[in-house]
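The structure appears right after this line, and notes come after that.
Sequence positions, counted from 1, serve as the residue numbers for this chain. In this text, all values refer to a predicted model and were calculated from it rather than measured experimentally.
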Amino acid sequence: MNRITEFYESNHLFILIVLIISLGIYLISIKKRNDNINVSMDDSKKDKEQSKNVINELETKKQFMKPQTFQYSSARLTFLKAVIEPMNEHDDLIINVVGAQNPNNNGRFKMTKIQIYQTFDNVINSVAYNRDGNYNYKTAPQKAMQYKVF
């Protein structure tokens with residue numbers, strides 16, 4: 001114990017300087033770490049804000065986009081997956097049924113993608129539509145008549 005006391009008394013200034021320098025280095029490292037954390041959090045906030053801005057811009061553009069009309073002709077009331085799936089919700093699909101064996105099936109059927117999904121969910125979920133890419137009715141069903149324009 002005597003040796004420790006002697007060492008401290010003869011080197012107390014040196015020990016004090018070493019402690020102060022160590023404390024300074026420690027405080028600087030903490031500040032740098034906090035600065036890095038703040039920068040990361042700021043970057044994260046900026047990224048999140050930019051993402052929100054992009055989403056809002058896309059939603060705004062989508063609201064003002066004019067619905068498109070897709071159209072094809074067939075001898076039966078036929079739903080083509082390649083045409084329907086890329087459509088937006090409010091785009092119109094016109095199916096011209098011409099040359100049908102039953103003349104009552106001839107006509108023009110006009111509906112939106114939303115209406116197709118709501119009214120013809122059996123078509124959208126069918127194996128023929130999903131595997132082969134089309135589904136057709138030999139005779140147009142009664143539920144289709146509400147969309148018959150002429």
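Of all non-hydrogen atoms in Ala140 and Met145, the two that sit nearest each other are CB-CE, 3.6 Å. Of all heavy-atom pairs spanning Asn134 and Asn136, the tightest one is OD1-ND2, 3.9 Å. Considering all non-hydrogen atoms of both residues, Asn105 and Phe109 come closest at O-CE1, 3.8 Å.
For Asn106 (side chain) and Gly99 (main-chain N/O), a donor-acceptor pair under 3.5 Å exists by modelled atom type. The backbone N or O of Val149 sits nowhere less than 3.5 Å from a side-chain atom of Lys110 that would complete a donor-acceptor pair. Put simply, the side chain of Lys138 never gets that close to the backbone of Arg76: no donor and acceptor are under 3.5 Å apart. With hydrogens and angles ignored, the 3.5 Å screen pairs no side-chain donor or acceptor of Gln118 with any backbone N or O of Gln115. Here the side chain of Lys143 pairs a donor or acceptor atom with the backbone of Thr119 at under 3.5 angstrom. With hydrogens and angles ignored, the 3.5 Å screen pairs a side-chain donor or acceptor of Asn130 with a backbone N or O of Ser126.
Applying the side-chain contact (heavy atoms from CB on, under 4.5 Å) criterion to Gln71, with sequence neighbours excluded, gives Ile94, Asn96, Arg108. Residues satisfying the side-chain contact (heavy atoms from CB on, under 4.5 Å) test with Ala75, not counting sequence neighbours, are none.
Applying the side-chain contact (heavy atoms from CB on, under 4.5 Å) test between Leu80 and each of Phe70, Tyr129, Tyr72 identifies Tyr72 as the sole match. The side-chain contact (heavy atoms from CB on, under 4.5 Å) test with Tyr135 singles out one residue from Ile84, Leu77, Asn122, and that residue is Asn122.
Ring geometry for Tyr137 against Phe79 counts as perpendicular: the plane angle is over 60°, on a 0 to 90° scale with 30° as the lower cut.
Rounding to the nearest 0.5 Å places OG1 of Thr112 at 9.0 Å from CD of Glu89. Taken to the nearest 0.5 Å, the CD atom of Glu85 stands 6.0 Å off from the CD1 atom of Ile124.
The shortest distance between side-chain heavy atoms of Asp91 and Lys113 does not fall below 4.5 Å.
Within 6.0 Å of CD in Gln146 there are more than 12 heavy atoms belonging to other residues, nucleotides or ligands.
At a threshold of 4.5 Å between side-chain heavy atoms, the hydrophobic network of Ile, Leu, Val, Met, Phe, Trp and Tyr places Val98 and Tyr147 in two separate groups.
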